[in-house]
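Here's the structure, in structure tokens; my notes come after.
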Amino acid sequence: MAIAAAISLSLPAQARRYSVANVAPFRSTSSLHFGSLRSNFSLENPRFRVSASSLGIGTPEKISTTSFLDRRESGFLHFVKYHGLGNDFILVDNRDSTEPRITPEQAVKLCDRNFGVGADGVIFAMPGINGTDYTMRIFNSDGSEPEMCGNGVRCFARFIAELENLLGKHSFTVHTGAGLIVPEIQDDGKVKVDMGEPILKASDVPTKLPANKDRSVVKSDLNVDGEIWNVTCVSMGNPHCVTFGTKGSQNLTVDEQNLAAIGPKFEHHEMFPARTNTEFVEVFSRSHLKMRVWERGAGATLACGTGACAVVVAAVLEGRAGRSCTVDLPGGPLEIEWREEDNHVYMTGPAEVVFYGSLPL
């Protein structure tokens with residue numbers, strides 16, 4: 001597989017004058033199997049554009065992204081890799097079909113960080129339905145399909161802007177498994193997303209934990225492997241279990257949590273019939289929170305947009321924070337606001353291109 005990679009980074013002139021000798025030490029080679037096809041590729045230092053078939057190197061300025069995105073060769077998958085605070089996705093232009101261009105099994109191989117491109121999921125830009133401009137579908141790195149993804153929808157918005165050659169401030173409507181989502185690209189390039197109203201009714205999250213506050217689960221006890229955690233359950237179109245610590249404990253220190261050990265126990269807990277995303281939260285002030293996340297179907301990730309939204313909702317419900325907060329994630333901060341006037345949650349954060357690629361199907 002020959003991957004043409006163009007990393008969208010702002011580089012000083014000195015960095016752009018590197019020679020092949022400067023690049024070679026960063027080379028890594030992998031292989032990807034789709035069916036019986038074995039395709040090899042190599043990715044160079046991300047300052048350069050690399051084609052494995054020719055090993056030609058050029059700066060990103062020499063690449064026409066428009067011509068790349070217009071490619072329609074049969075038998076090839078053209079994609080753009082984006083990330084939102086390190087939560088990375090492979091974006092596919094699927095606007096000509098209501099069926100994803102690849103299967104969940106192929107998505108698993110594509111997302112593999114050792115033998116594939118590497119990503120937390122594959123996102124498809126598809127034709128809109130029910131009057132929306134576009135439809136967004138996602139396959140997680142394990143092949144499962146979530147209802148929505150907050151960081152993913154920001155990447156989706158930037159991808160659409162690139163496909164449609166939109167400049168400046170723009171908004172559009174997106175149909176997702178979680179319902180209508182409205183992202184708006186800001187003048188500074190960040191994306192503000194109206195994530196809609198949080199779902200708090202226990203049976204709709206869903207969780208089997210008994211409701212204890214207006215049909216919601218707020219600061220309830222959850223026994224996880226013999227330890228009692230205080231949890232609040234929120235859905236942002238996908239289920240979230242938010243915890244600020246174990247019963248009787250003081251403020252949680254999230255960096256001390258072993259997510260790989262505890263995360264799966266929350267995700268697959270019997271109290272969550274659809275599994276759950278889990279957020280571990282540390283409170284710095286009423287407007288500043290820190291979280292780490294174990295995502296359903298993806299594991300520990302650097303960021304989770306819907307999780308950050310759920311964290312602020314849970315913090316408000318538990319009386320720990322106000323309605324407008326900066327939420328620190330391992331990949332960087334998100335600005336989250338739960339507006340009282342319309343009950344909608346708004347998320348603002350970045351989404352950036354990593355590289356462009358092609359592979360034979």
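The model shown is predicted, which means the values in this text are computed figures rather than measured ones.
Side chain to side chain, T348 and Q186 fail the donor-acceptor criterion of an N or O pair below 3.5 Å. H269 and T276 share no side-chain donor-acceptor pair at under 3.5 Å. T326 and E335 are linked by a side-chain donor-acceptor pair at a separation below 3.5 angstrom, with hydrogens and angles left out of the test. Counting only N and O atoms by type, the side chains of S216 and D214 include no donor and acceptor under 3.5 Å apart.
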- Message: If you apply the rule side chain to side chain contact (heavy atoms under 4.5 Å, CB included), what do you find for V92 with I102, and how did you get there?
- Response: CA-CA 9 Å; V92 177; I102 63 172; 5.7 Å; no
- Message: Could you go through T306 and N238, starting from their C-alpha distance and side-chain angles, then the distance that decides it, and tell me whether this counts as side-chain hydrogen bond (donor to acceptor under 3.5 Å, both in side chains)?
- Response: CA-CA 8 Å; T306 56; N238 55 352; 3.2 Å; yes
- Task: Under the side-chain hydrogen bond (donor to acceptor under 3.5 Å, both in side chains) rule, what do D221 and W229 come out as? Steps first, then yes or no, please.
- Result: CA-CA 6 Å; D221 292 352; W229 293 77; over 6 Å; no
- Item | Candidate pair E279 and N277, rule side chain to side chain contact (heavy atoms under 4.5 Å, CB included), full reasoning | CA-CA 7 Å; E279 288 76 32; N277 303 282; 3.8 Å; yes
- Message: Before you tell me yes or no, could you show the steps for V117 and F79 under side chain to side chain contact (heavy atoms under 4.5 Å, CB included), namely the whole-Å CA-CA distance, both residues' side-chain angles and the distance that decides it to 0.1 Å?
- Response: CA-CA 10 Å; V117 174; F79 63 88; 3.8 Å; yes
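Listed for the N87 side chain is no donor-acceptor partner under 3.5 Å among the backbone atoms of N151. Within the 3.5 Å criterion, the main-chain N or O of A300 finds no donor-acceptor partner in the side chain of R292. Formation of a donor-acceptor pair under 3.5 Å by the N223 side chain with backbone atoms of I228 is not found in this model. The backbone N or O of E282 sits nowhere less than 3.5 Å from a side-chain atom of N251 that would complete a donor-acceptor pair. N343 places no side-chain N or O within donor-acceptor distance of the main-chain N or O of E197, the cut-off being under 3.5 Å. The backbone N or O of G196 sits less than 3.5 Å from a side-chain atom of D194, completing a donor-acceptor pair. The closest donor-acceptor contact from the side chain of R101 to the backbone of F76 lies under 3.5 Å. In this structure, T173 contributes its side chain and V182 its backbone to no donor-acceptor pair below 3.5 Å. Checked by atom type and distance alone, the side chain of N212 pairs as donor or acceptor with a backbone atom of V218 at under 3.5 Å. A donor-acceptor pair is defined here as one N or O able to donate and one able to accept, closer than 3.5 Å; such a pair exists between the side chain of T132 and the backbone of I129.
A 4.5 Å side-chain heavy-atom check between M195 and M148 finds at least one atom pair inside the cut-off. Side-chain contact between V231 and L209 is present, with at least one heavy-atom pair separated by less than 4.5 Å. Looking at heavy atoms from C-beta onward, M136 lies in side-chain contact with I123 at the 4.5 angstrom threshold. Contact annotation: the side chain of P104 never approaches that of N140 to less than 4.5 Å [non-hydrogen atoms, C-beta and beyond]. Using a 4.5 Å heavy-atom cutoff, the side chains of C241 and F272 are in contact. Within the 4.5 Å cutoff, no side-chain heavy atoms of V354 are placed close to those of D88. Contact check for V174 versus P183: side-chain heavy atoms found under the 4.5 Å cut-off. Side-chain contact between L85 and R154: present, with at least one pair of heavy atoms (C-beta onward) separated by less than 4.5 Å.
For R339, the CZ atom is densely surrounded, since the number of other residues' heavy atoms within 6.0 Å is greater than 12.
A chain of hydrophobic side-chain contacts below 4.5 Å, direct or via other Ile, Leu, Val, Met, Phe, Trp or Tyr residues, connects V153 to L334. Linking ILVMFWY side-chain heavy atoms closer than 4.5 Å, directly or via other members, places M271 and L200 in two distinct hydrophobic clusters. A continuous path of ILVMFWY side-chain contacts below 4.5 Å connects V224 to W294, so both sit in one hydrophobic cluster. Following chains of ILVMFWY side-chain contacts shorter than 4.5 Å, one cannot reach V313 starting from F266, and the two form parts of different hydrophobic clusters. Both V327 and V316 are assigned to one and the same hydrophobic cluster, defined by single-linkage of ILVMFWY side chains at heavy-atom distances under 4.5 Å.
Between E295 atom CD and T301 atom OG1 the span is 3.5 Å, to the nearest 0.5 Å. Between atom NE2 of residue H240 and atom OG of residue S235 there is a gap of 7.0 Å, rounded to the nearest 0.5 Å.
Between L361 and L77 the shortest heavy-atom distance is CD2-CB, 3.7 Å. In this structure, V281 and L252 approach most closely via the heavy-atom pair O-CB, 3.5 Å. Considering every non-hydrogen atom in both F156 and L91, the closest pair reads CA-CD1, 4.1 Å. The minimum heavy-atom distance between C325 and V312, with the atom names listed, is CB-CG2, 3.9 Å. Nearest heavy-atom pair, T98 versus R137, reported as atom, atom and distance to 0.1 Å: O-NH1, 4.1 Å. In plain terms, the two heavy atoms of T253 and Q257 that are nearest each other are O-NE2, 3.4 Å.
In this structure, K208 does not pair ionically with E270, as no charged nitrogen and carboxylate oxygen lie closer than 4.0 Å. The pair R95-E164 meets the salt-bridge criterion, since a charged nitrogen lies less than 4.0 angstrom from a carboxylate oxygen. Electrostatic pairing of R275 and E267 counts as a salt bridge here, judged by a charged N lying under 4.0 Å from a carboxylate O. The residues R296 and E147 are annotated as salt-bridged, a charged nitrogen and a carboxylate oxygen being separated by less than 4.0 angstrom.
In this structure, H288 and F284 have perpendicular ring planes: the angle between them is above 60°, well past the 30° mark.
No close placement of the Y134 and F159 rings is indicated, their centers lying 6.0 Å or farther apart. Taking the six-membered ring for Trp and the full ring otherwise, F139 and F124 have centroids separated by under 6.0 Å.
Legend: residues meeting salt bridge (charged side-chain N to carboxylate O under 4.0 Å, His left out) with D133, ordered by chain and number and at least two apart, are absent.
A cation-pi geometry, defined here as NZ or CZ lying under 6.0 Å from the six-membered ring centre and within 45° of its normal, does not hold between K109 and F115. F244 carries R320 over the face of its six-membered ring, with the cationic atom under 6.0 Å from the centre and within 45° of the normal.
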